[in-house]
Every structure is written in structure tokens, then in C-alpha cells.
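Before any comments, here is the structure.
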Amino acid sequence: DQQVKQNSPSLSVQEGRISILNCDYTNSMFDYFLWYKKYPAEGPTFLISISSIKDKNEDGRFTVFLNKSAKHLSLHIVPSQPGDSAVYFCAASAVNRDDKIIFGKGTRLHILP
Amino acid sequence: GAGVSQSPSNKVTEKGKDVELRCDPISGHTALYWYRQSLGQGLEFLIYFQGNSAPDKSGLPSDRFSAERTGGSVSTLTIQRTQQEDSAVYLCASSPRQGNNSPLHFGNGTRLTVT
């Protein structure tokens, strides 16, 4: 039972354009959502998070949008840069229940020159 | 080095042998996780330690897998009688506490190959 789903295994975007990575979840108890970025042979690194009391959080080129009614979140990267090529993981947790963080399968983003 | 440290970085073992993977979390972090990433797969939750609470072992795939966290710091993941399907990158992560604004800090993982 996959509670966090990233349905696109890969995505290619032209440099300078917007990258949009999508994530769906099934557990209505989730109240904290995160995005991580992973390069080969390295551990994932934290990018940005959002609490369920918000619908948008922005940090530089990265913006996360949360649609609770649709149980959907997305990560926007604009403008996309070559260094953004990596695997992006969506994650979620029921913080108020002190529960574990669950990750999706990831989306590999290729930024094209 | 203030990050999460994992050892060894690579481990090749024969099927049927036992292996131990070590994680040194960031000092003071009370939450510690083990995940694994098999080839082409996402991050699969294995086990979660939070302070002095009983660990959440719900992700361990079989009774061949176990983990300990001694003194609330270093953790060891043990796989007994390894199988080829255990081959994966095993990632450890820690955070200061469970809660908002406490994202996980990951180590670089241990790549386990069972031959």
C-alpha cells in the first residue's frame, strides 16, 4: 500500500523553463510534507517543506504547493538550472502523531541544455 | 564532520552471511531512521527510533533484519543470512526531533551487494 505516490518516474525540462514535479498521497492524517533531492552516490538532501496549515511555501527558485482536498502536492522549480538534474523524492508524515516519514519512489529530473 | 556518518560505504558479502551496518547520527539528534533503496526503487522505510520510545519496526521486511540504537546515539542494522534480494543502498537519517522544521539529515549510505 503506497501512501506517497510519484507517478512520473522521469521528467525532462529545458534549461530556464519551469519544472513541475507532482506527488499524491492517500493518508489523510499526513500533516507535514517534504521534498528531497538526491544525486548519485549521495544521501538525499532536504529542499523544502510545507505544513498542512499552509497551501504554499516558497524558498528562492523552489515553491511547494499543497492541495489538501485533492491530497496532492507539487514542487515548482523556476528557472530550471543544469544542477537541478537529480532524483526528487516527495515525503510525508503525520507529525501530530509522532509518526514516521514515508517517501515516494522519486522522479528523475533531466534539465536539457 | 557534523553530518550523519555511515560505515562501511560499500559491503560485498556472500549469500547466507550476516552483515552489520553502522550509523553515527548528528550529535543531539533524537530521531533516527533506516531506509533502503533498491535498484530503480524509492526509499523504503525500515525502522524508526525516537528518543526512548519503542522503535517503529513496521518496515523491516523479515525477521532476518534487526536494528539497535545504543545510548540514544549510534545505531546498527543487522541482516542475518543475507539473500541476494537484500542488495541495496541502506540509508540512515537523523533529525533533532520529530516535528515541523525538523527535516531528516541523511548519510551517504552503505551499498550492500550480496553475491
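Protein chains get the first letters and strands the later ones, always in sequence-line order, with residue 1 at the start of each.
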Check whether any side-chain heavy atom of [X] lies under 4.5 Å from a side-chain heavy atom of [Y], and answer yes or no.
| X | Y | answer |
| --- | --- | --- |
| A:P44 | B:Y35 | no |
| B:P103 | A:Y32 | yes |
| B:L104 | A:F103 | yes |

Heavy-atom proximity to chain A below 4.5 Å, by part of [X]:
| X | result |
| --- | --- |
| B:S9 | neither |
| B:L43 | both |
| B:Q37 | side chain |

- Item | Distance (rounded to the nearest 0.5 Å) between B:Y48 OH and A:I101 CD1 | 7.5 Å
- Please report the closest heavy-atom contact between A:K100 and B:Y33, naming both atoms and the distance. CA-OH, 3.5 Å
- Please report the closest heavy-atom contact between A:E42 and B:N108, naming both atoms and the distance. CA-OD1, 3.7 Å
Should [X] and [Y] be regarded as members of a common hydrophobic cluster, given that ILVMFWY residues are connected when their side-chain heavy atoms come within less than 4.5 Å of each other, either directly or indirectly?
| X | Y | result |
| --- | --- | --- |
| A:L75 | A:F89 | yes |
| A:I102 | A:L47 | yes |
| B:I47 | B:V19 | yes |
| A:Y25 | A:L21 | yes |

Looking at [X], I'd like to know if its [atom1] atom is crowded, meaning that more than 12 non-hydrogen atoms belonging to other residues, nucleotides or ligands lie closer than 6.0 Å.
| X | atom1 | answer |
| --- | --- | --- |
| B:E14 | CD | no |
| B:R111 | CZ | no |
| A:Q14 | CD | yes |

- Message: Tell me if the centroids of the rings in A:F46 and B:F106 come within less than 6.0 Å of each other.
- Response: no
